[in-house]
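All ligand and atom numbering here is 1-based and tracks the order in the structure.
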Amino acid sequence: MKFYAITAAMAVLVAGTFLACDKGAKEIKIGGVAPATGEAATFGASTKNGFDMAVAEWNGKGGVLGKQVKMAFADDKGDPAEAATVWTKLIEQDKVCAIVGTVMSKCSLAGAPISQASKIPMISTSSTNPKVTLVGNYIFRVCFIDPFQGTVGAKFAFEDLKAKKAACIFDVGNDYTKGLSEFFKAKFTSLGGEVVGYEGHATGTTDFKAQLTKVLAAKPDMLYVSDYYNDVALIAKQARELGFKGPLVGGDGWDSPKLVEVGGAAVEGCYFTNHYSQDNTTPLVQNFVKAYSAKYGGAPDALAALGYDATNIMLDAINKAGSTDGDKIREAMTKEDFTGVTGQIKFDGDRNPVKSAVIIEIKGGKQVYKTTVNP
Ligand code: PHE
């Protein structure tokens with residue numbers, strides 16, 4: 001009786017292992033997740049380009065562990081419920097041994113517990129909310145986190161823009177935008193500034209006049225808008241319609257060609273913090289920009305760069321682990337010290353890299369690199 005119980009438990013364990021990752025496969029299969037459709041679709045397109053370019057380069061050099069790499073890509077649609085569904089599918093059906101992605105913090109937060117429970121390591125490309133990697137020891141990210149990003153934004157606003165009064169606008173249904181506004185507010189206040197307005201809006205809103213009217217009544221020098229590009233463009237336009245002339249400052253969620261396409265003159269003279277600038281003159285970045293532009297017909301944005309770095313570091317860890325075993329990959333990841341196009345990537349105890357941020361100005365309808373800020 002006892003014996004059967006033990007063998008049954010072992011069979012489940014063994015089946016579970018094979019379910020999670022097919023070790024006898026002829027190829028190394030990893031998952032890739034990004035929002036190819038939905039509220040952040042341009043993020044997904046760039047990120048996927050970065051994934052594909054890294055995989056193609058590894059395969060060109062002979063692959064990983066002597067095998068070709070195959071990426072199973074899934075669209076999370078920018079929706080946490082969909083993210084959970086595709087995470088399970090990648091692990092159980094596609095039998096991937098690691099997952100690269102995803103972009104939005106609210107979606108990574110839905111995928112992370114599934115990766116953790118299945119012991120399939122994941123590395124988010126651009127989810128900056130601190131809670132993501134705290135889900136567990138199989139969860140990594142390749143980008144900096146929002147306490148740092150909010151601090152950089154607040155210091156820039158206070159010291160460089162000489163703003164004394166700020167107002168924040170954010171999406172109440174999004175972990176990233178809510179968190180980033182909180183971190184900005186804490187730093188701006190500690191520097192001696194005053195946050196005179198602090199208004200949330202619902203996800204999917206297109207009319208921000210109620211929030212704007214309220215915060216503008218307190219006469220801020222600037223607006224900190226921690227939203228994604230589509231909301232930012234509309235908020236900027238509506239703020240100008242209401243007569244606001246000061247700068248808007250925000251975070252990495254602004255990084256899309258759509259920001260200027262939709263926002264036009266309303267976003268001119270505004271600033272955001274980001275992960276990388278294509279204007280960085282190091283040969284590593286310039287070679288990447290050249291190769292990416294040749295392949296995709298346009299320069300890589302931060303999302304593409306992070307997708308590229310995240311895939312490279314995960315494949316490097318699998319190679320160094322000498323195995324597709326989740327525990328061994330995880331171990332190898334903790335030892336990485338990787339020179340990426342978005343900077344040096346070495347994980348701290350919470351599996352976050354300690355990296356610099358850049359400040360980008362919207363000038364003449366273009367993103368112009370202003371400065372780099374170190375942690
Ligand atoms: N940082 C955002 C989040 O955590 C996602 C994002 C990253 C968006 C980079 C654009 C560029 O949700």
Against the six-membered ring of [Y], is [X] placed for a cation-pi contact (under 6.0 Å from the centre, within 45° of the normal)?
X      : Y      : value
Lys119 : Tyr138 : no
Lys48  : Phe73  : yes
Lys164 : Phe158 : yes

Contact atoms of ligand 1, heavy-atom distance to [X] under 4.0 Å:
X      : result
Tyr176 : 1 (N), 2 (C), 3 (C), 4 (O), 12 (O)
Ser126 : 1 (N), 2 (C), 3 (C), 4 (O), 5 (C), 6 (C), 7 (C), 9 (C)
Phe43  : 8 (C), 10 (C)
Ser127 : 4 (O)
Val103 : 3 (C), 5 (C)

Query - ligand 1-proximal atoms of Leu303, by part, heavy-atom distance under 4.0 Å - result: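 The part of Leu303 near ligand 1 is the side chain, not the backbone.
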Query - Any Phe144 side-chain heavy atom under 4.5 Å of Val152 side chain - result: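 No; the side chains remain at least 4.5 Å from each other.
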N/O donor-acceptor pair under 3.5 Å between [X] side chain and [Y] backbone:
X      : Y      : result
Ser181 : Phe170 : no
Arg141 : Pro353 : no
Ser108 : Val132 : no

Query - Nearest heavy atoms of Val135 and Gln116, plus distance in Å - result: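 What the structure gives for the nearest pair is O-CG, 4.1 Å.
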Query - For Ala202 against Asp171, the heavy-atom pair lying closest together - result: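 Residues Ala202 and Asp171, closest heavy atoms: C-OD1, 3.9 Å.
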Query raised in the report: Which protein non-hydrogen atom lies closest to atom 4 (O) of ligand 1, naming both residue and atom, and how far is it?
Result: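 Result for atom 4 (O) of ligand 1: Ser105 OG, 2.5 Å.
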Requested in this report: Quick one: look up the protein heavy atom nearest atom 11 (C) of ligand 1 and list residue, atom name and how far away it is.
Outcome: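 Atom 11 (C) of ligand 1 sits closest to the protein heavy atom Asp252 O, 3.0 Å.
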Is there a nitrogen or oxygen of [X] sitting under 3.5 Å from a nitrogen or oxygen of ligand 1?
X      : result
Tyr228 : yes
Asn129 : no
Asp255 : no
His275 : no

Query raised in the report: Measuring from the heavy atoms of Gly253, does anything fall under 4.0 Å of ligand 1?
Result: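 Yes, Gly253 has heavy atoms under 4.0 Å from ligand 1.
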